[in-house]
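Excluded from the calculations below are hydrogen atoms, water molecules and symmetry mates; all remaining heavy atoms, backbone and side chain alike, are included.
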Protein chains: 2
Amino acid sequence: MPAAAAAPATASGPNRKDPRRRVLDAAARCFIRGGFHATSMHEVCAEAGMSPGALYRYFPSKEAIIIAIVEEERSARSALLAHLDSSATLVEALTLMGEALFSSDPPMVCVELGPEIAAEVSRNPRLRPVFDEVEDEMDAAFLRALEAAQARGEVDPALDRDHVMLMINALGDGIMLRRRLQPELPLAQMMPQIATLIGRMLAPPAPSVSSGASR
Amino acid sequence: MPAAAAAPATASGPNRKDPRRRVLDAAARCFIRGGFHATSMHEVCAEAGMSPGALYRYFPSKEAIIIAIVEEERSARSALLAHLDSSATLVEALTLMGEALFSSDPPMVCVELGPEIAAEVSRNPRLRPVFDEVEDEMDAAFLRALEAAQARGEVDPALDRDHVMLMINALGDGIMLRRRLQPELPLAQMMPQIATLIGRMLAPPAPSVSSGASR
DNA sequence: AAAGCGCGAACGAACGTTCGCTCTTGACTC
DNA sequence: GAGTCAAGAGCGAACGTTCGTTCGCGCTTT
C-alpha cells in the first residue's frame, strides 16, 4: 500500500487521530475538484471517511470549513514571503517563491484554489476579514523588501512602489489562474526565466556606471 | 430617468423585444453578485422579470446560460485584440486594451466574472471547447503581434515568445482578479504606467552599456 | 457505569425543471 | 370591420431531487 499520502483518506492511516485535519484535507480535495458551492457535504463526508453526524462535531457549518480552508491557504502563501528576507536579491526571492509554489506535489491548495477563493472572497463578506488580515501583512512585507531593493539599487528608485506591487501580485495570481487552465505547464522550470523578466522590468535604466547589483 | 441601461430589467424598456438578451443580461448580473452555483434560477427569473416557464423557453438549462455567457465573455475579450493590429507598438496596444477593459461602465462581464469563469472552465468539461476555441485564436493573434514587435526591434528578439505570452496573459488575468478583490483600484488610469513597465521588460538590453545579467 | 465519538436515517428547505393553463397576437372568414 | 380561432408566449404552482443540517441511538473507551 504505497499510496498513503494522497489516498482517499479512509479511516486508516496516521490522520486517524486528527479528525479536523482529515475533514479539511478531504474538503480541500473536493473543493478543488468541484468548487465550493457545487460540492455537497455528503461528498466531503465520503471523502473524509466520516458520517455527517461525525463531521458536524468538528465544524458547525459548510461555511466554517470554507473559512478554515481560506485561512490555511492564506497563511501558507504568507509563509512563502520568508524568502524575501533570506534572499540576496528580490529577483532571487521571487524565483524561490515561485518554485516553492509550483514544484510542490501534490500541488499546494493555494495554487489549486486560488481563483475559486478570489471569487468567493469578493462576494462573501464573512471571508473578507480572514482574507484581508493576511493580505495587509503580506503587502507590508513586500513593500519593505521592495523599498530595500530600491535603496540597494537593484530596483529603479523612480518606480512607483504601488504600481510595482500591483504588477507582482497580479502576476502571481495570474500565473496560478493559468495553471488551473493549463495544468501541463512546467511552471516550476519556467520560474527563473520569469523572474529574470521581472528583473528587467524593475532594473534601473542602463546606468552609465556599472555599479551593479552583483555581490 | 437616466438609469435605463443598468436597471433591473423588468418587463419595460427596449429589451422587451429580445428575451434571450434579457435573460443573459440578468443572469450575468446575478452571477457577478453570487457566482454560478450559488445563484438560483429563481433569482435569475426575478432579475429578468420573467417566470421560470418563460425562461425555459429560451434556454434548456442553467448550464446552457452559463455556456452562453462564457461564450460572450470570450468574444468580447477577443475583440480587444483588434488593438494589436491598429496600434503602432505593442506597448501602445496593451495600454489601449487595458483602458478599454477597465474604463467601461458598467464594468465588462469578462472583468467581473473572470476568476469565476476560470474556476468553472477548469472543472466543467462542457465549457472547455467553448473556452479553448477562442483562447487558441487569441494566442495566435498575440503571437503574431509579438513576432512582429521582435522583428521591428521593439521587443528583444532573444526573448522566448512563449514565456512572454504567459507573462502577459497572466498579468491580464491577474489584474482582473485583483480588481475583483479591490474594486476601488483606479486601473484605467494606471494602464499607461503598467504598460510602460511591460515595455521595459520586453525592450532589448541597452545598446551602449552591457549590464551583466547574472546567471 | 459514565462519557462521548461516530453513525446514518431523516428533516425541512431550496434546488432546477416541468406542465397545464391563461392570455395575447395576428391572419383569415364573412 | 366584426368575429373566429390556431399558435405560441408567458405564467406560477408543483414536481422529484438533493441540499445542509439534526438527532437519537448504538458502540467504544475508560
All N/O contacts under 3.5 Å from nucleotides 7-9 of chain C to the protein, with atom names and distances to one decimal?
from  : atom 1 : to    : atom 2 : distance (Å)
C:dC7 : OP2    : A:S51 : N      : 3.0
C:dC7 : OP2    : A:S51 : OG     : 3.3
C:dG8 : O6     : A:G53 : N      : 2.9

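In this view, A:R178 and B:E135, B:D173 satisfy the side chain to side chain donor-acceptor pair (under 3.5 Å) rule, not counting sequence neighbours.
Residues A:V164 and A:D160 fail the side-chain proximity criterion, which asks for heavy atoms closer than 4.5 Å.
If you check the side chains of B:H83 and B:E92, you find no donor sitting under 3.5 Å from an acceptor.
One finds no salt bridge joining A:R128 and A:E120 here, because no Lys/Arg side-chain nitrogen approaches an Asp/Glu carboxylate oxygen to under 4.0 Å. A salt bridge links B:R21 to B:D25: one of the charged nitrogens lies within less than 4.0 Å of a carboxylate oxygen. Ion pairing between a basic and an acidic side chain is recognised when a charged N comes within 4.0 Å of a carboxylate O; B:R179 and B:E112 show such pairing. A salt bridge between A:E47 and A:R33 is present, with a side-chain N of the basic residue lying under 4.0 Å from a carboxylate O of the acidic one.
B:H37 places its NE2 atom 13 Å from the P atom of D:dG20, with the value rounded to the nearest Å. In this structure, CZ of A:R20 is placed 14 Å from P of C:dG6, rounded to the nearest angstrom.
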Report task. Could you please spell out the steps behind the side chain to side chain contact (heavy atoms under 4.5 Å, CB included) verdict for B:N124 and B:E63? Result -> CA-CA 10 Å; B:N124 183 347; B:E63 194 185 44; 2.9 Å; yes
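Within residues 58-67 of chain B, the residues having any heavy atom under 4.0 Å from DNA chain C are, by residue number, B:S61, B:K62.
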